[in-house]
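Report on one structure; see the data block that follows.
The sequence lines fix the lettering, A, B, ..., with proteins before strands; numbering per chain opens at 1. These numbers were taken from a predicted model, which means no experiment stands behind them. Reckoned from all heavy atoms, side chains included, excluding hydrogens, waters and symmetry mates.
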2 protein chains.
Amino acid sequence: MKKLVLYGVVMGLLFLSLEILNFKTLVRQVSMEVYGALVGVIFLVFGLWLGVTMVQKRQSTPLNVKPPETNLSEREYDVLQLMADGKSNKEIAEQLFVSLNTIKTHTSNIFSKLDVQRRTQAVQKARKLEIL
Amino acid sequence: MKKLVLYGVVMGLLFLSLEILNFKTLVRQVSMEVYGALVGVIFLVFGLWLGVTMVQKRQSTPLNVKPPETNLSEREYDVLQLMADGKSNKEIAEQLFVSLNTIKTHTSNIFSKLDVQRRTQAVQKARKLEIL
DNA sequence: AATAAAATCACCCGAAAGTATGAATGAAAG
DNA sequence: CTTTCATTCATACTTTCGGGTGATTTTATT
């Protein structure tokens, strides 16, 4: 909801800045074609970003095929797998397209649910519990 | 070598202090039996400590039964096993009766030899290489 | 005895991991 | 339409890891 409003505002700002650029300097220095191209590119990029952002949400990289019979959520299971693969939190974050803090939260929850303190213990226990 | 000298020096100091205690005050305040007992206890403790220390050295907690066919040393293999068990460096150090820094050195060497950067990667690779 | 390898320990420093707390959002279920 | 849960993210803080370097001491080998 609020995200859409934010998008609207950004759009507005884009238009505004374009207007300013247009009537002040640009139009007297470059041709109308260049100006149009610029506008096109900018809005193309913005549209791309918007589209990717919205689609990427809630599609949530489906890493696992078989959901485990544990109290771990899907996402936590994803993280656990990458963790067992020797990936660092940063690498996991990059691979799943989320922030480092998010991964930290996930790992914390994983540790709680598996009742361990460290990632090495987590993978060890997960292996023993047959969920890997 | 030097450790033995140190032991000798400690022994000497013990004798010296005992002599001082002996002829100055103790002998006129407590009975000869008590004095003898005291000396006995002190030397017993010292002997115990010395024995334990020397035996404990180079007997090197025999954790592994089958030496792996890798370039890892015995000690490194010990550390690797505990590492795979989810132990922290501190815990490993305590279990092997060595300092934390020593374990750090071992882990560094393990990482080098296994060509990895993290402990999770180390256990993963070790598992793949059949050395765990 | 000399040399080499293994094991021990120390110090520093930056990066990574982990803990705690709070919060916003979307999805699902009641 | 709330309530619940999963997911996302942030900030702040503490602890642990890992890299680099250098050193001493054992143990083994020649």
Side-chain angles (χ1 to χ4, degrees), chain A residues 1-7 53-64 67-68 70-80 82-83 86-94 96-123, chain B residues 1-7 53-63 67 70-80 82-83 86-94 96-123:
Chain A
M1 289 297 188
K2 281 185 178 176
K3 193 153 285 182
L4 283 182
V5 175
L6 202 153
Y7 293 155
T53 301
M54 303 208 70
V55 170
Q56 191 182 73
K57 289 288 175 187
R58 288 303 146 209
Q59 194 165 336
S60 155
T61 344
L63 266 183
N64 51 70
T70 59
N71 45 354
L72 290 179
S73 74
E74 278 191 42
R75 207 52 164 168
E76 287 162 356
Y77 188 60
D78 290 343
V79 173
L80 178 60
L82 294 173
M83 201 186 292
K87 302 279 174 62
S88 70
N89 283 340
K90 191 181 168 191
E91 289 170 338
I92 297 174
E94 285 165 358
L96 296 183
F97 301 106
V98 295
S99 87
L100 176 60
N101 286 314
T102 302
I103 298 303
K104 282 186 171 187
T105 303
H106 285 322
T107 55
S108 276
N109 293 333
I110 292 173
F111 296 159
S112 293
K113 292 185 179 178
L114 291 184
D115 192 34
V116 296
Q117 279 76 39
R118 286 177 284 284
R119 53 183 43 224
T120 41
Q121 289 180 345
V123 306
Chain B
M1 290 295 187
K2 279 186 177 175
K3 194 155 284 183
L4 282 182
V5 175
L6 201 155
Y7 292 155
T53 301
M54 302 208 70
V55 169
Q56 191 182 73
K57 289 287 174 185
R58 286 306 144 210
Q59 194 167 335
S60 152
T61 343
L63 268 183
T70 58
N71 45 353
L72 290 179
S73 74
E74 278 191 42
R75 206 52 164 169
E76 287 163 355
Y77 187 59
D78 290 342
V79 173
L80 178 60
L82 295 172
M83 200 187 292
K87 303 278 173 62
S88 70
N89 284 341
K90 191 181 169 191
E91 289 170 337
I92 297 174
E94 285 166 358
L96 296 185
F97 302 106
V98 294
S99 88
L100 177 59
N101 286 314
T102 301
I103 299 302
K104 282 186 170 188
T105 303
H106 285 321
T107 55
S108 275
N109 293 333
I110 293 172
F111 296 160
S112 294
K113 291 184 178 179
L114 291 183
D115 192 32
V116 296
Q117 280 77 41
R118 287 177 283 282
R119 50 182 47 224
T120 40
Q121 289 180 345
V123 306

Can you tell which of [options] lies closest to the side chain of [X]?
X	options	value
A/T102	D/dT8, D/dG18, C/dT8	D/dT8
B/S108	D/dG19, D/dT7, C/dA6	D/dG19
B/H106	C/dA10, C/dA7, D/dT16	C/dA7
A/F111	C/dC9, C/dG18, C/dA16	C/dG18
B/K104	C/dC12, C/dA7, D/dT16	C/dC12
B/V98	C/dT8, D/dT7, C/dA17	C/dT8
B/E74	D/dG19, C/dA7, D/dC17	C/dA7

Whole-Å distance separating the [atom1] atom of [X] from the [atom2] atom of [N]:
X	N	atom1	atom2	result
A/N71	D/dA6	CG	C1'	14 Å
A/N101	D/dA12	CG	C1'	11 Å
A/R118	D/dG18	CZ	P	12 Å
A/K113	D/dT7	NZ	P	8 Å
B/L100	C/dC12	CG	P	15 Å
B/L96	C/dC9	CG	C1'	15 Å
B/Q117	D/dT16	CD	P	23 Å
B/D78	C/dA6	CG	P	14 Å

Test item: [X] and [Y] side chains (from C-beta on) under 4.5 Å apart, heavy atoms:
X	Y	value
B/Q121	B/L114	no
B/L82	B/E91	no
A/V79	A/E76	no

According to a strict under-4.0 Å criterion, is [X] in side-chain N/O contact with OP1 or OP2 of [N]?
X	N	result
B/R119	D/dG18	yes
B/N89	D/dC17	yes
B/R75	C/dT8	yes

Take B/H106 and B/I92 through the test side-chain contact (heavy atoms from CB on, under 4.5 Å) and record every step on the way to the result. CA-CA 11 Å; B/H106 285 321; B/I92 297 174; over 6 Å; no

Look up atom OG1 in A/T120 and atom CZ in B/R118, then write down how far apart they are to the nearest 0.5 Å.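 So the OG1 of A/T120 and the CZ of B/R118 are separated by 13.0 Å.
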
What contact category does B/S99 fall into here, base, sugar-phosphate, or nothing, at under 4.0 angstrom with non-hydrogen atoms?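 Touches sugar-phosphate only.
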
Which part of the nucleic acid, if any, lies within contact of A/T105, taking any heavy atom under 4.0 Å across all strands shown: a base, the sugar-phosphate backbone alone, or nothing?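 The answer is base, as A/T105 lies within the cut-off (heavy atoms under 4.0 Å) of a base atom.
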
